[in-house]
Student: 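Okay, here's the structure, questions in a sec.
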There are 2 protein chains.
Amino acid sequence: MLAITQAGHLACSSEALGANNRESCPATGIPVTRPPSTEPHRALTLRDVSEVSGVSEMTVSRVLRNRGDVSEATRTRVLEAARRLGYVPNKIAGALASQRVNLVGVIIPSLSNMVFPEVLSGISETLEDTGLQPVVGVSNYQGDREEQVIYEMLSWRPSGLIIAGLEHSEASRAMLAQAGVPVVEIMDIDGEPVDSAVGISHRRAGRKMAEAIVAAGYRRIAFLGTHMPTNDHRARKRLEGFEEALAGFGLSVVDREFYSGGSALAKGREMTETILKRTPDIDFLYYSNDMIGAGGLLYCLEQGLDVPGKIGLAGFNGVELLDGLPRRLATMDACRLETGRAAAEIIAGKRATGVVGGEVVEFEPKLQPGDTIRKA
Amino acid sequence: MLAITQAGHLACSSEALGANNRESCPATGIPVTRPPSTEPHRALTLRDVSEVSGVSEMTVSRVLRNRGDVSEATRTRVLEAARRLGYVPNKIAGALASQRVNLVGVIIPSLSNMVFPEVLSGISETLEDTGLQPVVGVSNYQGDREEQVIYEMLSWRPSGLIIAGLEHSEASRAMLAQAGVPVVEIMDIDGEPVDSAVGISHRRAGRKMAEAIVAAGYRRIAFLGTHMPTNDHRARKRLEGFEEALAGFGLSVVDREFYSGGSALAKGREMTETILKRTPDIDFLYYSNDMIGAGGLLYCLEQGLDVPGKIGLAGFNGVELLDGLPRRLATMDACRLETGRAAAEIIAGKRATGVVGGEVVEFEPKLQPGDTIRKA
DNA sequence: TTGAAAGCGCTAACAT
DNA sequence: ATGTTAGCGCTTTCAA
């Protein structure tokens, strides 16, 4: 099942050894100066470029950063030398000296849920032309892990921090508050941000969906979602808003089913089968995400159920995937791309500002009725 | 659609200023307490902790890194002081002084294709207990962008670099070769790695699939995939291997269809419809990825086609998603998790080794026949 | 337009 | 077990 080949080749190129060590690649059999294996790799410094180009380190530094006035002649010579040597500046030293770091920490719970990579895309897209670089940390939905990641990131003194959610341990909140750089909490605005926040109100999203469902005439409504003891605050808030709105209509969720782990599509099928067998008169299935909703939809269609006539379905997130299903699942867009963009803009715009201000950007989740909810 | 609230609070606490927030007015020498609002945030240093705890900076440093012998009493006092102040070490300074950086650069083409986040999971899982931290860079399938990202990453002097693919610009290869740290090229081993490589042979994967298809008795075989002018080398190699093997049986691909962009599931449907209308006697559809394959499968089932009797289908990647489909699409596992793990192990195991060795780890892609290919 | 000196905050190496 | 000294490679500041 697993084959391992030991190639044991030497990554050797004459250029790799720098200008000041003439030697040949061992493979060719031509005499060499140094045995490569004993040569500890020494990274090039400004000094090397300085010596080769014949100008001071300071001038080399200026050229490489496009700072200050440098004569065209000098500029050319320096760039040429740097290129020839393959010089790569040491940002660690640069950052220490300048007290400036072009890194933005981004902390998300997971990479397996497409929702987060999508927000990331928005962030990285917006950061692209600001000279800032996102650095991603993953907390695995664990508070203590999140704490570690925050600590780790702050120790690199980034220009800003973007972090998913508003719920963090006390220690985490303390670190964020003291960070001295803009902090943007994303994907949820139902709560008290440490600094800035960008996202949608999940309570509101839940409420809106409930209103749409009731308006369409459904009454025996069930909820299906992830098992969310403490972790998935956003799903919990959505459910809270959902039930709150139902209560306003004198209704409540007639049954519910939870899962954790596994293929969401398959789980959606199973849960749907389970809940419909247990409570056959359900006329609407509200899923906490689109993938389980899609699984449920496939199940219902296979069973020949009348969707959306006898039974309606809705998910949450607005994932692109839904486009190819036999029927378009009703869902609600979580504005992930916009959220990522706005968060990045806050960080980018705040650079070099001493004052830490708080800004809350709320996006309005849009209902996408699809084909699985009756027209009102 | 978009609401913005300005909260404008100041993230300022007396603790943040450290123990020495009492200072003298330069002019009069009379002690004053500074108004917090005008206080530009100054990050705490070892020195602050040293002063508060009453031991030297060096000892504080030792405690914080668990290095060397420190008395339990001192240890406690230092930790207490650090905790109270909310001290977060400056890794930039630490890295510069120690010449060691616990970062591993990971460069992938995209985050939108779940394949890459999955490899990332394998990497980050394995790195977790090594003290190393992955830093992710995205190249958007663009060679020049990749070059920039490599440059940017190397300028932080990471302990290693993991990069998708074997095809890079000349400048990129030069940088990688000179990096002086282990470099692992992943997800493809058909080519000449700069240093180490981990992944599967896509040529071989294509060949294997062709053999399985022919063995099952299919003869009118079509290919559907991404439009791959220069970018998707892995898909290209797969197709090459596929056609090569077909040729061995005296067969060739009878039709082909390409797409780019959009929802893969929806595209899979469209392409399948198109190609089947154009060439009705096709008896096998080989897709370059599972998502378009799933779309095609849904289409075929809706059309009432006899799958796998009259027409067979296969995808590539072995994505978990397939589990919930009406029928399990035949596919080939690309060993993404294992690839991520092995790459991370190479980096972790090589730390502090001066020698640059090359190691090639090949995984064997496994055919998952599913329910869309006839039993031979 | 260019150069010299003085750190940035930490750790290695060497005292004590 | 703890402290002292001398940088790490760069940029800031000031001088020429």
Side-chain angles (χ1 to χ4, degrees), chain A residues 18 40-79 81-82 85 87-102 131 152 154-158 180 352, chain B residues 18 20 40-79 81-82 85 87-102 131 152 154-159 180 352:
Chain A
H41 185 95
R42 208 214 77 215
L44 297 170
T45 69
L46 270 188
R47 180 172 196 135
D48 295 302
V49 183
S50 161
E51 280 170 5
V52 171
S53 63
V55 288
S56 75
E57 292 183 40
M58 199 51 238
T59 300
V60 174
S61 170
R62 284 195 184 101
V63 171
L64 263 24
R65 285 176 301 142
N66 288 313
R67 279 284 138 70
D69 292 322
V70 182
S71 75
E72 195 47 41
T74 315
R75 208 184 120 75
T76 311
R77 289 176 54 204
V78 169
L79 286 177
L85 295 175
Y87 172 72
V88 176
N90 185 332
K91 287 225 180 186
I92 295 177
L96 184 61
S98 67
Q99 307 281 66
R100 255 180 281 105
V101 178
N102 71 334
E152 176 74 18
L154 289 182
S155 74
W156 286 100
R157 303 290 188 262
Chain B
N20 51 348
H41 186 94
R42 205 214 79 214
L44 298 169
T45 68
L46 270 188
R47 177 170 196 138
D48 296 303
V49 183
S50 162
E51 280 169 6
V52 171
S53 62
V55 289
S56 74
E57 292 183 39
M58 200 52 231
T59 300
V60 174
S61 169
R62 285 193 183 101
V63 171
L64 265 23
R65 285 176 300 142
N66 287 314
R67 272 296 151 20
D69 292 323
V70 182
S71 76
E72 195 46 42
T74 314
R75 209 184 118 74
T76 312
R77 287 176 55 204
V78 169
L79 286 177
L85 295 175
Y87 172 72
V88 177
N90 185 331
K91 288 224 181 189
I92 296 176
L96 184 61
S98 68
Q99 306 280 68
R100 255 182 281 104
V101 178
N102 71 334
E152 176 75 18
L154 288 181
S155 74
W156 287 101
R157 304 288 189 262
S159 290

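Chain identifiers are assigned alphabetically (A, B, ...) following the order of the sequence lines, protein sequences preceding nucleic acid strands; residue numbering begins at 1 within each chain.
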Student: Let me know the distance between CG of A:L46 and P of C:dA4, rounded to the nearest Å.
Tutor: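 Value for this atom pair: 14 Å.
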Student: Roughly, in whole Å, what's the span from CD in B:E57 to P in C:dA12?
Tutor: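 Rounding to the nearest Å, CD of B:E57 and P of C:dA12 are 15 Å apart.
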Student: For B:G68 and A:S61, find the nucleotide of DNA chain D closest to each by heavy atoms; which residue's nucleotide sits nearer the 5' end?
Tutor: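 Its nearest nucleotide being more 5', the pick is B:G68.
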Student: Count the heavy atoms of every other residue, nucleotide or ligand shown that sit under 6.0 Å from CZ of B:R47, and state whether that count exceeds 12.
Tutor: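 12 or below, so no.
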Student: Measuring only between side-chain heavy atoms, which start at C-beta, is A:V49 closer than 4.5 Å to A:L44?
Tutor: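 A side-chain contact under 4.5 Å is absent here.
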Student: Base, sugar-phosphate, or nothing: which does B:N90 touch, judged by heavy atoms less than 4.0 Å apart?
Tutor: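 Touches sugar-phosphate only.
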Student: Please give, in whole Å, the distance from C:dA13 P to B:R62 CZ?
Tutor: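 Taking atom P of C:dA13 as the reference, CZ of B:R62 is at 12 Å.
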Student: Please give me the minimum heavy-atom distance between A:A93 and B:L96, naming the atom from each residue.
Tutor: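 The pair with the smallest heavy-atom distance is CB-CD1, 3.8 Å.
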Student: Start with the C-alpha distance between A:E152 and B:K91, add both sets of side-chain angles, then the distance that settles side-chain contact (heavy atoms from CB on, under 4.5 Å), and finish with yes or no.
Tutor: CA-CA 9 Å; A:E152 176 74 18; B:K91 288 224 181 189; 3.2 Å; yes
Student: Do the side-chain N or O atoms of A:R157 get closer than 4.0 angstrom to the phosphate oxygens (OP1, OP2) of C:dG9?
Tutor: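 So the side-chain polar atoms of A:R157 never come under 4.0 Å of the phosphate oxygens OP1 or OP2 of C:dG9.
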Student: Under the criterion side-chain contact (heavy atoms from CB on, under 4.5 Å), I'd like the reasoning laid out for A:R42 against A:D48: C-alpha separation, chi angles, the key distance, then a yes or no.
Tutor: CA-CA 11 Å; A:R42 208 214 77 215; A:D48 295 302; 2.5 Å; yes
Student: In whole angstroms, how far is the C1' atom of C:dG9 from the CZ atom of B:R65?
Tutor: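 B:R65 atom CZ is separated from C:dG9 atom C1' by 12 Å.
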Student: At what distance, to the nearest 0.5 angstrom, does OG of A:S56 lie from CZ of A:R62?
Tutor: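 Reported value, rounded in 0.5 Å steps: 6.5 Å.
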Student: Between A:R75 (CZ) and C:dT2 (C1'), how many Å, whole number?
Tutor: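 One finds 16 Å between C1' of C:dT2 and CZ of A:R75, rounded.
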Student: Taking B:S50 for the side chain and B:L46 for the main chain, is one N or O donor matched with an acceptor at less than 3.5 Å?
Tutor: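 The answer is no, because no donor-acceptor pair under 3.5 Å joins these two groups.
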Student: Do the side-chain N or O atoms of B:R67 get closer than 4.0 angstrom to the phosphate oxygens (OP1, OP2) of C:dC10?
Tutor: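 Answer is no, no contact under 4.0 Å.
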Student: Without decimals, in angstroms, what is the distance between B:K91 NZ and C:dT11 C1'?
Tutor: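 From B:K91 NZ to C:dT11 C1': 14 Å.
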Student: Specify the separation, in whole Å, of atom CG of B:L96 and atom P of C:dG9.
Tutor: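 Going from CG in B:L96 over to P in C:dG9 covers 12 Å.
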Student: Answer yes or no: does a side-chain N or O of A:S56 lie under 4.0 Å from OP1 or OP2 of C:dG3?
Tutor: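 Answer yes for this pair, as a side-chain N or O of A:S56 is under 4.0 Å from OP1 or OP2.
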Student: Hey, which of these two, B:Q99 or B:E72, hits DNA chain D nearer its 5' end, going by closest nucleotide?
Tutor: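 The residue closer to the strand's 5' end, by nearest nucleotide, is B:E72.
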Student: Base, sugar-phosphate, or nothing for B:R100, non-hydrogen atoms under 4.0 angstrom?
Tutor: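 B:R100: backbone/sugar contact only, no base atoms under 4.0 Å.
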Student: Please determine whether a side-chain nitrogen or oxygen atom of A:T59 lies at a distance below 4.0 Å from atom OP1 or OP2 of C:dG3.
Tutor: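 The answer is yes; a side-chain N or O of A:T59 sits under 4.0 Å from OP1 or OP2.
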Student: What are the 5'-most and 3'-most nucleotides of DNA chain D lying under 4.0 Å from any heavy atom of chain B?
Tutor: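 So the outermost contacting nucleotides come out as D:dA1 to D:dG9.
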